[in-house]
Amino acid sequence: MSDNFTPGPIPNSVRTADGKVLTAPEDWMLLPPGDAALTRRVKAAGDHWVVAEKKGRKVFSRGVWASATTIERIRTDLEAERSTESFAKKKEAAAKRREKVQTEYVEDFLGAVLTFLAFDPMHADLGHKLAKAVTEHATPVGSGTVARTKRIPVEQRAEAAVIAWMRHQTTGYDGMVIARVKGKRREVRRMLARRSHDLLERYRRGESIPETCPLMKALMRRQQKRLPPHKEDESLQNV
């Protein structure tokens with residue numbers, strides 16, 4: 001038997017979708033999340049309860065309840081496999097493949113951001129700085145940003161990532177007190193997105209931008225944080 005549950009009111013319990021509380025069998029234990037291979041094998045081995053908890057829009061795994069004997073047996077088998085030279089080689093090869101895929105994706109994403117920005121040549125340097133800042137923030141594996149989703153084309157991911165970065169870095173969004181009214185936060189985000197799009201259009205048209213521009217100031221702050229103290233004065237001239 002397998003099913004999906006939420007955490008129950010006491011440590012050894014779970015709650016069903018209809019609110020019923022079940023107590024785990026005495027010979028079961030909770031396998032915490034973290035070892036994907038172990039979890040897969042335990043779930044495939046027989047009866048188990050999958051426990052997850054939703055917080056906001058995200059669902060977080062809380063582990064899998066299953067027979068303690070089964071979990072320990074599979075854990076021992078896995079440890080034996082992982083101690084072999086062949087496993088080490090396979091793991092190294094897999095890591096290299098993932099690194100290659102990630103490197104290629106970062107390059108593709110950076111290109112998509114630059115294409116979306118399409119700054120006038122007079123602002124090309126700042127455009128590259130912005131594209132790099134957005135890419136470094138959005139593309140790390142596990143970051144949970146829009147850049148990591150595969151549900152929309154990379155071009156749309158790039159646009160969404162730029163607007164999200166600007167919302168947090170060039171507006172007062174993070175400090176805003178937004179009424180807890182349905183749709184209000186989305187309304188505010190849309191308003192700030194329009195402002196960000198309007199600002200980007202100025203750079204695309206090649207307009208003269210004052211140093212008080214929030215985008216310019218955000219990139220300046222970022223560069224100063226990345227440089228040693230004695231390089232700060234020089235960085236002010238390069239943004």
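Since this is a predicted model, take the numbers as computed values, not measurements.
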State which residues pass side-chain hydrogen bond (donor to acceptor under 3.5 Å, both in side chains) with [X]; sequence neighbours excluded, sorted by chain then number.
X    : value
R151 : T149
T16  : D18
K150 : none
R167 : none

Is there any salt bridge (Lys or Arg N to Asp or Glu O under 4.0 Å) pair reaching into [range], and which pairs are they, with sequence neighbours excluded?
range            : answer
residues 200-209 : E201-R204, R202-E207, R205-E207
residues 152-164 : none
residues 27-39   : D35-R82

Exercise for review: Keeping to residues at least two apart or across chains, list the ring-ring contact (aromatic ring centres under 6.0 Å, His included) pairs with something in residues 70-104.
Suggested key: none
Point to revise | Partners passing ring pair (Phe, Tyr, Trp, His ring centres under 6.0 Å) against H123 (at least two apart in sequence or in another chain) | key: Y203
Shortest non-hydrogen contact from [X] to [Y]?
X    : Y    : value
W65  : P11  : CZ2-O, 3.5 Å
G127 : L117 : O-CD1, 3.5 Å
S83  : A80  : OG-O, 2.7 Å

Check your understanding: Hydrophobic clusters join Ile, Leu, Val, Met, Phe, Trp and Tyr when side-chain heavy atoms are under 4.5 Å apart, directly or via other members; which others share one with L110?
Key -> L114
Check your understanding: Got a donor-acceptor contact below 3.5 angstrom from the H48 side chain to the A66 backbone?
Key -> no
Check your understanding: Where the side chain of S143 meets the backbone of P140, is there a donor-acceptor pair that is under 3.5 Å apart?
Key -> yes
From [X] [atom1] over to [Y] [atom2], what is the distance, rounded to the nearest 0.5 angstrom?
X    : Y    : atom1 : atom2 : value
L31  : S67  : CG    : OG    : 11.5 Å
L38  : K43  : CG    : NZ    : 11.5 Å
M216 : L219 : CE    : CG    : 8.5 Å

**Study point:** Verdict with supporting geometry, K90 and E81, salt bridge (charged side-chain N to carboxylate O under 4.0 Å, His left out)
**Key:** CA-CA 11 Å; K90 286 172 61 178; E81 288 179 27; over 6 Å; no
Contacts under 3.5 angstrom, residues 91-101 side chains, donor-acceptor by atom type, not counting sequence neighbours:
| residue | atom | partner | partner atom | Å |
| --- | --- | --- | --- | --- |
| K100 | NZ | E104 | OE2 | 2.7 |

Point to revise | V64 vs L30, side chain to side chain contact (heavy atoms under 4.5 Å, CB included): CA-CA, chis, key distance, verdict | key: CA-CA 6 Å; V64 176; L30 179 64; 5.6 Å; no
Point to revise | Same apolar cluster: I163 and V146, side chain cutoff 4.5 Å | key: no
Practice item. Tell me whether F116 is reachable from V106 by hopping between hydrophobic residues (I, L, V, M, F, W, Y) whose side-chain heavy atoms are closer than 4.5 Å. Key: no
For residues 182-198, dump all side-chain donor-acceptor pairs below 3.5 Å to protein atoms at least two apart in sequence or in another chain.
| residue | atom | partner | partner atom | Å |
| --- | --- | --- | --- | --- |
| R185 | NH1 | Y173 | OH | 3.0 |
| R189 | NH1 | Y173 | OH | 3.4 |
| S196 | OG | L192 | O | 3.2 |

